[in-house]
Q: 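Quick one: this structure, given as structure tokens, is what I'll be asking you about.
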Amino acid sequence: MKLISIVVPCYNEQEVLPLFYKEITKIMQQMQNKHPELDFELLFINDGSKDKTLECFHELAKKDKRVRYISFSRNFGKEAGMYAGLKNAKGDYIVIMDADLQHPPAFIPDMYEYVKSGEYDCATTRRVNRDGESKVRSWFSRKFYKIMNKISQTEIVDGAQDFRFMTRQMVDAILSMKEYNRFSKGIFSWVGFRTKYIPYENVERAAGTTAWSFKSLFKYSLEGIFAFSTAPLALASLLGVLSCLVAFIMILILVIKWLAFGDPVQGYTTTICVILLVGGLQLFCIGILGQYLSKTYMETKGRPIYLIQETEESLNLNEDNKKNKESDIKNP
Ligand code: UDP
Ligand code: MG
């Protein structure tokens, strides 16, 4: 028997979960018909949802033994959700996907074939268009990938997604990266392994709304840069060297002018401008240093990436207790 774990991080997904469950079980059935040796587990992560997502998990776990869930004590972010899912999945193969059906379950059988053939360790989808996304957002996304790939040794494929079918070996490699500031797109690529990219056309969310605003995406992309590149630090040094060079040339010119023409130094405005410019440059560079320092600070604290409030095991225990109590009342 081979177990496939399907990990699904969820944040306020009550509207789309029943739909997702219907679609994914259909695919699971299809795959089992074709490969009777396959078994499945569905591992949902409740990332501190404020709606009835957890209640949905309760219902699903009660009627389907393949459903497991982990509920966080608060919202820790999708990265933490994915990490918790990978860490707790028991499968020989592990799939990560979103709950909103933007990652169509229909790709999973193909992904399985690619990985099973032994030719690849991971299969993932790659967006070939950005329809349904604003122009500004697409522009920033494309620029981000361009800059990222230029300044970082880790190559991140434009349009690659978190929808992945992976072997246990690759997941163990990902789990061995215990960093607190997680940027999965970079981590997936950093660990290496042979990856098959399946092109696909972007689809809209089936229901509910996205939790990502432009601001949070922008912040996330900066996280990615600071987590996978030290180029900003080099930029700070470069700016320092450049401004020294300019200053040196200016000093030379001034001294020569003074010796040759006996010009008194004048120009209050220029002085102020230069002070402001250099001051600004210095603050900018300290800011870059600060970014790395703050990341290091968070890493050294060694805080847990997520905290669990309940899992399907506590639900089963509660159910058992209830049953025991009922039978005690019936047969005292
Ligand atoms: N998600 C999460 N925690 C968060 C935000 C999002 O677990 O803090 C989940 C969400 O439920 C969904 C997936 O991450 O399953 C992708 O989120 P979303 O669809 O909002 O992002 P988008 O597809 O717009 O990038
Ligand atoms: Mg989505």
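Every heavy atom of this structure was used, including side-chain atoms; hydrogens, water molecules and symmetry mates were not. Worth saying up front: this structure is predicted, and the values here are computed from it rather than measured. Every number for a ligand or one of its atoms is a count from 1 in the order of the listing.
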Q: Determine whether the side chains of Ser71 and Glu310 contain a donor N or O and an acceptor N or O closer than 3.5 Å.
A: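 There is no such pair between these side chains.
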Q: For Glu41, check side-chain hydrogen bond (donor to acceptor under 3.5 Å, both in side chains) against everything at least two apart and list the hits.
A: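 With sequence neighbours excluded, Glu41 shows a side-chain hydrogen bond (donor to acceptor under 3.5 Å, both in side chains) to Ser5, Arg68, given in chain and number order.
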Q: Below 3.5 angstrom, do we get any N/O pair linking Pro9 and ligand 1?
A: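 Between Pro9 and ligand 1 (N or O atoms, distance only) the closest approach is under 3.5 Å.
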Q: With heavy atoms only and a cut-off of under 4.0 Å, state how Val8 meets ligand 1: side chain, backbone, both or neither.
A: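 No part of Val8 is near ligand 1 at this cut-off.
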Q: Checking a contact table here: which protein heavy atom is nearest atom 24 (O) of ligand 1, and how many Å away?
A: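 Closest protein heavy atom to atom 24 (O) of ligand 1: Thr210 OG1, 2.7 Å.
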Q: Angle class for the Tyr292/Phe226 ring planes (parallel below 30°, perpendicular above 60°, tilted otherwise)?
A: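 Plane angle over 60°, so perpendicular.
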Q: Would you please indicate yes or no on a ring centroid separation below 6.0 angstrom for Phe193 and Tyr120?
A: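 No, ring centres 6.0 Å or more apart.
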Q: Measure from NZ or CZ of Arg74 to the centre of the six-membered ring of Phe76 and say whether it is under 6.0 Å with the direction within 45° of the ring axis.
A: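 Yes, a cation-pi geometry.
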Q: Under a 4.0 Å heavy-atom limit, does Asp47 contact ligand 1 with its side chain, its backbone, both, or neither?
A: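 The answer is the side chain of Asp47.
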Q: Could you walk me through whether Ile4 and Phe165 pass side chain to side chain contact (heavy atoms under 4.5 Å, CB included), step by step?
A: CA-CA 9 Å; Ile4 298 184; Phe165 190 109; 4.1 Å; yes
Q: Could you pull out the N/O/S protein atoms under 2.8 Å of the Mg ion (ligand 2), ignoring any water?
A: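 Short answer, with waters excluded from the count: Asp100 OD2, Gln102 OE1.
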Q: Ala99 heavy atoms, cut-off 4.0 Å: which ligand 1 atoms fall inside?
A: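 Taking each heavy atom of Ala99 in turn, ligand 1 has 15 (O) under 4.0 Å.
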Q: For the aromatic rings, using the six-membered ring if either is Trp, is the centroid distance between Phe214 and Phe140 under 6.0 Å?
A: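 Centroid separation for Phe214 and Phe140: below 6.0 Å.
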Q: If I take atom CD1 from residue Ile45 and atom OG1 from residue Thr311, how far apart are they, to the nearest 0.5 angstrom?
A: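 If I round to the nearest 0.5 Å, the distance is 10.5 Å.
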